[in-house]
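Following: one structure in structure tokens, then a few remarks.
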There are 2 protein chains.
Amino acid sequence: MGRLNKAERQKKLQDKLEENPFLIDKELAEIFGVSIQTIRLDRMELGIPEVRKRTKSVAKQAYSKVKSVQSGEIIGELVDIELDQSGLSILEVTEELCLEKTKIVRGHHIFAQANTLAVAIIDTDVALTGSSKIRYNRPVYIGERLIAKAKVEKAKKNKFYVNVETKASNDTVFTGEFIIFSVDDPDKEV
Amino acid sequence: MGRLNKAERQKKLQDKLEENPFLIDKELAEIFGVSIQTIRLDRMELGIPEVRKRTKSVAKQAYSKVKSVQSGEIIGELVDIELDQSGLSILEVTEELCLEKTKIVRGHHIFAQANTLAVAIIDTDVALTGSSKIRYNRPVYIGERLIAKAKVEKAKKNKFYVNVETKASNDTVFTGEFIIFSVDDPDKEV
DNA sequence: CTTATATTAAGACCAGGTACTAATTTTCTT
DNA sequence: AAGAAAATTAGTACCTGGTCTTAATATAAG
């Protein structure tokens, strides 16, 4: 890397650390062919913390993100549920849910919200989606808020017919008819 | 926390660190009412590294996990694609994809794999799912390998009819008919 | 040539450890 | 109860990857 001036170096330094936050000052110094002190001055001026703080912050952020994917936060917040009858779920559209370039939400996230909601309103330990018929009406963009409303239309024994309608900015963007089977937990004595 | 014996303490130490890997030895010592040295001996015996290494490993793992969620790895690995014709995607079922108690994969993950595959085989910058008809045949359990096969049935202008069949252990567990719209990137000059 | 800016150096200090030695306390066994 | 074994605590030297401060150079600009 040919010797750069301060402004260029600091710009590249930021890029470099964004791409790999685990680099220590010594490594950065070698990359840019300057002394450790210079790197430290650069970090100061740019307000970039030391490697251990960067690592910790990555860990904490990513940790909670992964947890949120697992716990289902990323597939909508259940704001209102009447078991075996109806439910409401809200999902804020953030970058993570989008195709990179387009700012358009990936279809399966809209589906996931609806599916999760449909399953959640069925009052049983395990609810399985049997089949569903779905339709997307228009793309949903980053920053919109997806509001999914679910209603149980019919219920036959352990078979529930749930309709979900998802709106964004007052438009219906998704509709789905889910058939859900309730399977009571065999471990649980009745 | 009443004074525990070594075995109990070490057990709880592991739990504690699993739940919060960012605790330093001093904090652990206070939690268990023992000296720092004891905590360090415990960590040694249990093969638990120091807080900075733990943090880094959490950061790296979670980092790649988050990236994989975003990049689509978690919704299946595309192993073979013939653009505008067919494709194959493999998804190993891990705990993250399951309902906690049951070891059954959540429906929307199976859908996500199929949806992603269907979109991927369409040769365009942006492909949007218009609608789909899907069916789940049996639950899928942790440890199984989901193999999704997609085939373009019809193609009319920017409208593609894609069928996806997903198998696990030789059973067809999911079928879906997707209608996908291709939308060429307006930024891209033709 | 002189001044301002940028870079490098040097030293004291810090957190959160490792690695090792040794003393002290508790528990078990005979 | 005495002695051995196991568990706990203490203390010291050293490590990494820094911070914070002071000071000496190098380079560029007026």
Side-chain angles (χ1 to χ4, degrees), chain A residues 1-70, chain B residues 1-70:
Chain A
M1 202 170 277
R3 188 82 164 201
L4 307 162
N5 69 27
K6 196 176 170 183
E8 289 168 336
R9 189 187 58 235
Q10 291 194 346
K11 173 103 191 53
K12 295 218 171 185
L13 183 72
Q14 280 194 313
D15 294 348
K16 208 87 196 167
L17 284 178
E18 213 146 303
E19 163 200 316
N20 179 6
F22 307 119
L23 292 168
I24 64 177
D25 289 354
K26 199 182 152 200
E27 290 166 336
L28 290 165
E30 276 159 19
I31 289 170
F32 291 102
V34 295
S35 71
I36 287 190
Q37 331 294 331
T38 301
I39 295 296
R40 290 187 175 157
L41 279 175
D42 284 349
R43 276 202 298 103
M44 291 240 149
E45 285 174 26
L46 298 168
I48 298 172
E50 59 170 297
V51 71
R52 288 170 295 217
K53 285 184 187 161
R54 295 197 301 269
T55 304
K56 192 162 182 179
S57 118
V58 167
K60 291 210 156 176
Q61 269 186 48
Y63 207 49
S64 70
K65 244 186 201 173
V66 168
K67 283 223 166 137
S68 81
V69 171
Q70 288 174 2
Chain B
M1 202 170 276
R3 187 82 165 201
L4 307 162
N5 70 30
K6 194 175 171 183
E8 288 167 337
R9 191 189 55 236
Q10 292 193 344
K11 173 104 189 52
K12 295 218 170 185
L13 184 71
Q14 280 192 313
D15 295 347
K16 209 84 196 171
L17 285 179
E18 213 147 300
E19 165 200 314
N20 178 6
F22 307 119
L23 292 168
I24 63 177
D25 289 354
K26 199 182 152 200
E27 290 168 334
L28 290 165
E30 276 159 20
I31 288 170
F32 291 102
V34 295
S35 71
I36 287 191
Q37 331 294 332
T38 302
I39 295 295
R40 290 185 176 159
L41 279 174
D42 284 349
R43 276 200 299 104
M44 292 239 148
E45 285 174 24
L46 298 169
I48 299 172
E50 60 170 296
V51 71
R52 288 170 295 216
K53 285 185 187 162
R54 295 196 302 268
T55 304
K56 191 162 182 179
S57 118
V58 166
K60 291 210 158 176
Q61 268 186 49
Y63 207 49
S64 71
K65 241 188 201 174
V66 167
K67 283 222 169 138
S68 80
V69 170
Q70 286 173 5

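Below, chain A is the first sequence line, B the second, and so on; all start at residue 1.
Residues B:V58 and A:A59 approach most closely at CG1-CB, 3.9 Å, considering heavy atoms.
When rounded to the nearest whole Å, the span between CD1 of B:I36 and P of D:dT9 equals 11 Å. Distance A:D25 CG to D:dG17 C1': 8 Å, rounded to the nearest Å. When the C1' atom of D:dT9 is taken as reference, atom NZ of B:K26 falls 17 Å away, rounded to whole Å. The distance from atom CG of B:L28 to atom C1' of D:dT8 is 16 Å, rounded to the nearest whole Å. Remark: C1' of C:dG16 and NZ of B:K53 are 12 Å apart, rounded to the nearest angstrom. Between the NZ atom of A:K56 and the P atom of C:dA15 there is a distance of 14 Å, given to the nearest Å. Straight-line distance from the CZ atom of A:F22 to the P atom of D:dG18: 14 Å, rounded to whole Å. In this entry the distance linking CZ of A:F32 with P of C:dT8 reads 13 Å, nearest Å.
Less than 4.0 Å separates DNA chain C from at least one heavy atom of each of the following residues of residues 37-51 of chain B: B:R40, B:R43, B:M44, B:E50, B:V51.
Annotation: side chain of B:R9 is in contact with side chain of B:T38 (closest heavy-atom distance under 4.5 Å). Between B:V34 and B:I39, the closest side-chain pair of non-hydrogen atoms falls below 4.5 Å. Using a 4.5 Å cut-off on side-chain heavy atoms (C-beta onward), B:L28 and B:D42 make no contact. Side-chain contact between B:R52 and B:K56 is absent, with no heavy atoms from C-beta onward closer than 4.5 Å.
Note: B:R40 CZ to B:E50 CD = 9.0 Å, rounded to the nearest 0.5 Å.
Here C:dT8 is the nucleotide among D:dT16, C:dT8, C:dG17 with the atom lying nearest to any side-chain atom of A:S35. Considering only side-chain atoms of A:K6, the nucleotide from C:dG16, D:dT9, C:dT7 that sits closest is C:dT7. With D:dG17, C:dG17, D:dT8 as the candidates, the nucleotide lying closest to the side chain of B:I24 is C:dG17.
A:F22 carries B:K60 over the face of its six-membered ring, with the cationic atom under 6.0 Å from the centre and within 45° of the normal.
Below the 3.5 angstrom threshold, one finds no donor paired with an acceptor across the side chain of A:R52 and the base of D:dG18.
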